[in-house]
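Quick note on labels: first sequence line is chain A, next is B, and so on, each numbered from 1. The basis for the numbers below is simple: all heavy atoms, side chains too, and nothing from hydrogens, waters or symmetry mates. The structure presented is a predicted model; accordingly, all values stated were derived computationally and were not measured.
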Amino acid sequence: MTIKLYNSLSRQKEDFEPMESGKVSMYVCGPTVYDSCHIGHARSVVVFDVIYRYLSARGYDVFYVRNFTDVDDKIIARANTLGITCDEVSERYIKEFHEDMDALNMMRPTLEPRPTGHIEQIIGIISILIEKGYAYAVDGDVYFSVEKYHDYGKLSGRRLEDMVAGSRVEIDPRKNNPHDFVLWKASKPDEPRWDSPWGPGRPGWHIECSAMSAEYLGQTFDIHGGGKDLIFPHHENEIAQSEAAFGKTFVKYWVHNGFINIDHEKMSKSLGNFLTIKEIVKTWHPEALRLFLLSSHYRSPLDYTDQAMQEATAGMDRIYKTLARVESCLGAPVSTLGGMDGARSITDQTDTGRHFFEAMDDDFNTARATAILFETVRRVNRLMDANEENPAPSNREQIVEEATEIRKIGEILGIANLDPDVYFQQKQARSLGSRQIDPSWVEKKIAERKLARKNKDFSAADAIRDELLDMDIVLEDRPEGTIWKMKH
RNA sequence: GGCGGCAUAGCCAAGUGGUAAGGCAACGGCCUGCAAAGCCGAUAUUCACCGGUUCGAAUCCGGUUGCCGCCUCCA
């Protein structure tokens, strides 16, 4: 089986063949650390997290680099506003980024380099570009000359002459061509600065990715990822810099994720509809967010709404309810192998495993993959329905096997690997916290209802149930007693 | 103006030449005191519209309409 992935450069799906058999080098553009992460970051990180996990599960040794941009105009502006140093700003938001991403069960990349630690390499590339005549210095700035690099525009599919220069940004008269972009920026007095052959300054935005990817992955590497918006100008400029400097193909496969809308609107600070991960995770379980993000293909636009999150929550509940039911049916937890071991143990020897591979091999089609997950859930439930109390050994075996497949697939999607009790407790804690419900009061009501039911006073019992339902508390009368859950 | 994308049931969403996955919601059945949960069942003769290619198209080609993104910092 061959993995196919869509290459933004060729605009079609291609067979995935890494440069070195069995190994994958992957670079993904991370955040500029000047503010809290929003759901857009979450999508990008989840998408590449799943790609990373899947490639690993398929036996590749993946070297995954994701940078933090820690020197930039926005960071400087932020530092001035907060009255702290740029380093303090980036440290603060890197820490926050890690907290948010840990909450969303993201795996850490192999390396998370930052440009401030790679100034030497950056200056090195800029020097090569000047030597080769691709760049020029003006007043302490260094610019890349887009006209010198003849393939400029090949990723974004635009030609230099078609672009309307100065339509939205003022033309800088010091540039040879309005589309020339800055490689090195002279620093103003109170800005971060490093010595360079062109005077004290700091790196431009694009050059860091060329420098750090070359440093850790080589001058050519397999996969470069990021949000769709980075195609132009960021990735276009990276290609120009790297290929001009090193004279070889920069990246084999370009992978870009689509954008998130909020209630059908583009997310933007001016509209005031930026949703941070912290806010979302306060009301919704992180796994519901992951399921939502993986419920459509990574290149499609995705609309975030409360309804969508409720549906994703219902989906996660369904999976965990089944796992809980398996546990009580078999009297033992459904094992998680932990880490990537579970994911790596998926084989195409089972229908479920084979279908899952087919879906994911096809450009990481997580929407199809989640469908397979739900089909498996239904099969397990059906098996248990047919074997109420004492499942025959062969049935037990089958139930365990199918339930374990759910865990394994979940390991790659980054969901369904919690103890079901823990999942429902975590979920409940969110609801109780936002609704201020006292669990012991609920227990008291349930006891009252139990008494009423014992006395066959069903109207009183139903009144209690309705009262609780108004507060989004749902009762389930099970053989072993009544349990309660929050509706959302 | 240039480049690109999307239009599939009430909603979300797979499906890229062989006769429409999956989820949520709603409906009927089993179960239940009644519910809830779970399972079962029925739900798109049809994939924005108009032509064309083909034995055969949601899928390919041409056109029309509508929506969206990028061209500026942005995941």
Ignoring hydrogens and angles, does a donor from either the side chain of [X] or the base of [N] sit under 3.5 Å from an acceptor on the other?
{"X": "A:Arg11", "N": "B:G4", "result": "no"}
{"X": "A:Arg465", "N": "B:C34", "result": "yes"}
{"X": "A:Glu311", "N": "B:G23", "result": "yes"}
{"X": "A:Asp462", "N": "B:G33", "result": "yes"}

Just checking [X]: base, sugar-phosphate only, or nothing, at a heavy-atom cut-off of under 4.0 Å?
{"X": "A:Thr322", "value": "nothing"}
{"X": "A:Gly258", "value": "base"}
{"X": "A:Asp303", "value": "nothing"}

Closest nucleotide among [options] to the [X] side chain:
{"X": "A:Asp229", "options": "B:G2, B:C34, B:A75", "value": "B:A75"}
{"X": "A:His41", "options": "B:C39, B:G22, B:A75", "value": "B:A75"}
{"X": "A:Ser296", "options": "B:C39, B:A14, B:C74", "value": "B:A14"}

>> Could you tell me how far B:G15 sits from B:A9 if I compare only their C1' atoms? Round to whole Å.
In response: 15 Å
> Distance between the C1' atoms of B:C30 and B:A36, in whole angstroms?
Replying inline: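 It works out to 15 Å between them.
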For [N], give its Watson-Crick or G-U wobble partner with both distances under 3.5 Å, or none.
{"N": "B:A75", "value": "none"}
{"N": "B:U45", "value": "none"}
{"N": "B:A7", "value": "B:U65"}
{"N": "B:C60", "value": "B:G52"}

> In whole angstroms, how far is the P atom of B:A75 from the CD1 atom of A:Ile51?
Replying inline: 18 Å
> Is the A:Phe232-A:His179 ring centre distance short of 6.0 angstrom?
Replying inline: no
>> Between A:Tyr27 and A:Tyr64, is the ring centroid distance below 6.0 Å?
In response: no
> If you take all heavy atoms of A:Arg378 and A:Arg318, which pair is closest and at what distance?
Replying inline: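 Taking A:Arg378 first and A:Arg318 second, the nearest heavy atoms are CB-NH2, 4.1 Å.
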>> Is the ring pair A:Tyr304/A:Phe292 parallel, tilted or perpendicular, if the boundaries are 30 and 60 degrees?
In response: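 Because their plane-to-plane angle is over 60°, the rings of A:Tyr304 and A:Phe292 count as perpendicular.
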> Taking A:Asp180 for the side chain and A:Asn177 for the main chain, is one N or O donor matched with an acceptor at less than 3.5 Å?
Replying inline: yes
>> On RNA chain B, compare the nucleotides closest to A:Ile372 and A:Tyr298; which residue's is nearer the 5' end?
In response: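 Nearest nucleotide further toward 5': that of A:Tyr298.
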